[in-house]
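Contents: one structure, followed by commentary.
Every heavy atom of this structure was used, including side-chain atoms; hydrogens, water molecules and symmetry mates were not. Model, not experiment: these values are computed from the prediction.
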Amino acid sequence: QVKLVESGGGLVQPGGSLRLSCAASGSIVNLNNMGWYRQAPGKQREWVASIISGGSTNYASSVKGRFTISRDNAKNTVYLQMNSLKAEDTAVYYCTNSGVFWGQGTQVTVSS
């Protein structure tokens, strides 16, 4: 069993930045396949970014160039650095381990 806890969400103005964290714990922790998803009100959950074995990263076209996913294996933590935030980035952000284990989510609101 893997437990994931997100943090770092909040209210930010358009153009601002936030860094989300996802701390993983459990009997077996494998950060080789981690991802971030988000769900805006009234919309389906959508994939945002992922990082796999070897450090390869992939991003949804809507966030590419603005968001950066990274991980710190020593801390069992995955990050999502979000820059140049837009109103349409407003959502609950979830991290996942291999699409099997999910965190409880952290709210990101981009508004002036």
Side-chain angles (χ1 to χ4, degrees):
Q1 189 78 9
V2 175
K3 181 179 180 182
L4 303 173
V5 179
E6 301 97 334
S7 61
L11 173 63
V12 62
Q13 292 187 342
S17 298
L18 282 175
R19 189 178 79 157
L20 306 183
S21 299
C22 173
S25 61
S27 57
I28 298 175
V29 179
N30 183 341
L31 298 184
N32 284 338
N33 187 1
M34 299 292 295
W36 287 95
Y37 283 68
R38 67 186 182 187
Q39 187 167 18
K43 294 188 177 181
Q44 290 190 329
R45 189 174 296 189
E46 63 174 0
W47 169 72
V48 174
S50 58
I51 185 166
I52 60 174
S53 178
S56 292
T57 58
N58 287 286
Y59 301 92
S61 58
S62 59
V63 307
K64 197 169 187 178
R66 300 188 296 122
F67 290 11
T68 302
I69 187 171
S70 62
R71 66 183 178 212
D72 185 333
N73 290 332
K75 295 183 178 179
N76 288 336
T77 300
V78 175
Y79 304 97
L80 185 68
Q81 177 68 43
M82 306 185 296
N83 299 327
S84 302
L85 283 162
K86 306 175 182 179
E88 50 262 44
D89 294 318
T90 295
V92 178
Y93 284 71
Y94 301 88
C95 72
T96 179
N97 178 232
S98 301
V100 175
F101 302 102
W102 294 82
Q104 81 292 344
T106 185
Q107 176 70 48
V108 172
T109 302
V110 184
S111 175
S112 55

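Shown here are the side-chain contact (heavy atoms from CB on, under 4.5 Å) partners of S111, two or more places apart in sequence or in another chain: L11, T109. Under the salt bridge (Lys or Arg N to Asp or Glu O under 4.0 Å) criterion, R45 pairs with no residue, sequence neighbours left out.
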Verify side chain to side chain contact (heavy atoms under 4.5 Å, CB included) between Y59 and V48, making sure each step is shown before the conclusion. CA-CA 6 Å; Y59 301 92; V48 174; 6.0 Å; no

Working note: N97 + K3, criterion side chain to side chain contact (heavy atoms under 4.5 Å, CB included); need CA distance, chi angles, decisive distance, verdict. CA-CA 9 Å; N97 178 232; K3 181 179 180 182; over 6 Å; no

Does the side chain to side chain contact (heavy atoms under 4.5 Å, CB included) test come out yes or no for V78 and I69, once each step is laid out? CA-CA 7 Å; V78 175; I69 187 171; 3.9 Å; yes

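A 4.5 Å side-chain heavy-atom check between Q1 and F101 finds at least one atom pair inside the cut-off. You'll find the side chain of M34 stays beyond 4.5 Å of the side chain of I52, heavy atoms only.
Of all heavy-atom pairs spanning T90 and V110, the tightest one is OG1-N, 2.9 Å. Annotation for D89 and R66: closest pair OD2-NH1, 2.8 Å, computed over non-hydrogen atoms. Closest approach of T106 to G8, counting heavy atoms only: OG1-N, 4.2 Å.
Taking the six-membered ring where tryptophan is involved, the planes of W102 and Y94 are perpendicular, since the angle between them exceeds 60° and thus also 30°.
How far CG of N58 is from CD1 of I51: 10.0 Å, rounded to the nearest 0.5 Å. Rounded to the nearest 0.5 angstrom, L80 CG and R38 CZ are separated by 9.5 Å. Separating the OH atom in Y93 from the CH2 atom in W36 is a distance of 10.0 Å, to the nearest 0.5 Å.
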N/O donor to acceptor pairs below 3.5 angstrom from side-chain atoms of residues 13-23, sequence neighbours left out:
| residue | atom | partner | partner atom | Å |
| --- | --- | --- | --- | --- |
| S17 | OG | N83 | OD1 | 2.9 |

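No more than 12 heavy atoms of other residues, nucleotides or ligands sit less than 6.0 Å from atom CD of Q44.
Across M82, K75, Q81, a single residue satisfies side chain to side chain contact (heavy atoms under 4.5 Å, CB included) together with Y79, and that is K75.
Counting only distance, with no hydrogens or angles, the side chain of E6 and the backbone of C95 share a donor-acceptor pair below 3.5 Å.
Residues V108 and Y37 do not share a hydrophobic cluster, defined by chaining ILVMFWY side chains whose heavy atoms lie under 4.5 Å apart.
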